Trainee: 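Please find one structure pasted underneath; my questions will follow.
When a residue number appears, it is its place in the shown sequence, counting from 1. If you're wondering where the values come from, they're calculated on a predicted model, not measured in any experiment. Hydrogens, waters and symmetry mates are skipped; everything else that's a heavy atom, side chains included, is used.
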Amino acid sequence: MAKQGLLIVVSGPSGAGKGTVCRALLDRCPELVLSVSKTTREPRTGEQDGVNYFFVSHEEFEQALFEQDFLEYACVYGQYYGTPRSTVEKVLAAGCDVILEIDTQGAIQVMESCAEGVFVFLLPPSGAELRTRIINRGTESLESLQRRLAAAAQEVALSPKYDYIVVNDRVDDARDRIFAIIQAEKLRTRRNRELIQTIAEEVKA
Ligand code: 5GP
């Protein structure tokens with residue numbers, strides 16, 4: 001049986017740079033699988049269905065909820081987002097590592113159901129920088145911008161629940177820190193029990 005892959009959850013406030021850092025990480029480790037969420041929000045310019053998200057109607061989202069096909073889900077800024085459970089489970093069972101780039105409400109649900117997950121909270125280098133990043137995105141209406149700033153403060157307050165804090169001052173550095181976390185997590189004793197057992201038996205024989 002293939003060794004179970006690692007479930008890595010990268011979370012943090014809007015503007016911390018989760019998307020950019022996760023993309024940089026995927027470029028560095030092409031064997032990592034990014035979970036593509038379902039969302040009810042409209043695609044932004046340049047976003048592709050099945051790549052950035054699966055863009056679904058409210059009815060389709062509710063149907064997936066009814067069928068319990070979400071590992072976690074949340075309502076973020078008035079739109080629903082959820083991680084397809086079956087895809088994540090299949091990829092992990094095949095021994096591949098999966099990254100979830102999700103908000104804090106979802107990450108906390110995953111903490112409760114997946115004790116083996118690795119939870120990384122991405123912080124901006126400062127509050128001022130976070131505000132600038134959200135404003136510079138320019139994709140938000142004024143109302144949505146204000147909601148994101150208020151939510152960011154609440155999300156940062158949840159960061160002590162995570163296993164690791166990574167400051168995204170430079171994308172390459174944040175990427176390398178998360179890469180180092182993944183490498184170290186794979187070396188944990190509890191993730192290598194079978195290897196220990198095999199070698200212990202070989203040594204005895
Ligand atoms: P955006 O609309 O800017 O792509 O994402 C808004 C927020 O939803 C971001 O914080 C993003 O990480 C989060 N998000 C994206 N997919 C999921 C998901 O499947 N579950 C949860 N809980 N949050 C998600």
Trainee: For Ala74 versus Gly106, what's the shortest heavy-atom pair and its separation?
Mentor: CB-N, 4.4 Å
Trainee: Measure from the side-chain N and O atoms of Asp163 to the backbone N and O of Phe119, and report whether any donor-acceptor pair falls under 3.5 Å.
Mentor: yes
Trainee: What distance separates Leu130 CG from Leu123 CG, expressed to the nearest 0.5 Å?
Mentor: 9.5 Å
Trainee: I need the Tyr73 OH to Gln68 CD distance, nearest 0.5 Å.
Mentor: 10.5 Å
Trainee: Indicate yes or no: does Lys186 engage Asp97 in a salt bridge with an N to O separation below 4.0 Å.
Mentor: yes
Trainee: Using modelled atom types only, decide if a donor and an acceptor are shared between the side chain of Lys18 and the backbone of Gly12 within a distance under 3.5 Å.
Mentor: yes
Trainee: Dump the intermediate steps for side chain to side chain contact (heavy atoms under 4.5 Å, CB included) on Val21 and Val10, then the final yes or no.
Mentor: CA-CA 9 Å; Val21 170; Val10 176; 5.8 Å; no
Trainee: So if I apply the side-chain hydrogen bond (donor to acceptor under 3.5 Å, both in side chains) rule between Thr104 and each of Glu155, Gln109, Lys161, which one comes out positive?
Mentor: Glu155
Trainee: Any salt bridge linking Arg188 with Glu185? Criterion: basic side-chain nitrogen under 4.0 Å from a carboxylate oxygen.
Mentor: yes
Trainee: Given 3.5 Å as the limit, does a donor-acceptor pair link the side chain of Gln105 with the main chain of Cys75, or not?
Mentor: yes
Trainee: For atom CZ of Arg131, is the number of surrounding heavy atoms from other residues, nucleotides or ligands below 6.0 Å larger than 12?
Mentor: no
Trainee: Side-chain heavy atoms nearer than 4.5 Å, only ILVMFWY residues, links allowed to pass through others: does that put Ile8 and Leu26 together?
Mentor: yes
Trainee: Between Arg191 (side chain) and Glu116 (backbone), is there a donor-acceptor pair under 3.5 Å?
Mentor: yes
Trainee: Counting C-beta onward and ignoring hydrogens, is there a side-chain heavy-atom pair between Ile108 and Glu72 closer than 4.5 Å?
Mentor: no
Trainee: Measuring only between side-chain heavy atoms, which start at C-beta, is Asp49 closer than 4.5 Å to Pro43?
Mentor: no
Trainee: Under 4.5 Å between any side-chain heavy atoms of Ile182 and Val118, yes or no?
Mentor: no
Trainee: Indicate the ring-plane relationship of Tyr162 and Phe121, choosing parallel, tilted or perpendicular according to the 30° and 60° boundaries.
Mentor: perpendicular
Trainee: Can you tell me if CD on Glu42 sees more than 12 non-hydrogen neighbours from other groups inside 6.0 Å?
Mentor: no
Trainee: Sub-3.5 Å donor-acceptor pair from the side chain of Thr39 to the main-chain atoms of Tyr80, do we have one?
Mentor: yes
Trainee: So does Arg170 pair up with Asp176, basic N to acidic O under 4.0 Å?
Mentor: no
Trainee: Is there side-chain contact between Val36 and Thr87, with heavy atoms separated by less than 4.5 Å?
Mentor: no
Trainee: State the OH-CZ distance between Tyr53 and Arg44, to the nearest 0.5 angstrom.
Mentor: 7.0 Å
Trainee: Working to the nearest 0.5 angstrom, can you tell me the gap between Leu6 CG and Cys96 SG?
Mentor: 11.5 Å
Trainee: Measure the spacing between CZ of Arg133 and OG of Ser14 and express it to the nearest 0.5 Å.
Mentor: 11.0 Å
Trainee: Taking the side chain as C-beta and beyond, is there a heavy-atom pair between Gln63 and Phe66 under 4.5 Å?
Mentor: yes
Trainee: Is the side chain of Glu129 donor-acceptor paired with the backbone N or O of Ser126 at a distance under 3.5 Å, no angle test?
Mentor: no
Trainee: Quick one: does any side-chain atom of Asn168 pair with a main-chain N or O of Leu122 as donor and acceptor, under 3.5 Å?
Mentor: no
Trainee: Working to the nearest 0.5 Å, report the span between CG of Leu92 and SG of Cys114.
Mentor: 8.0 Å
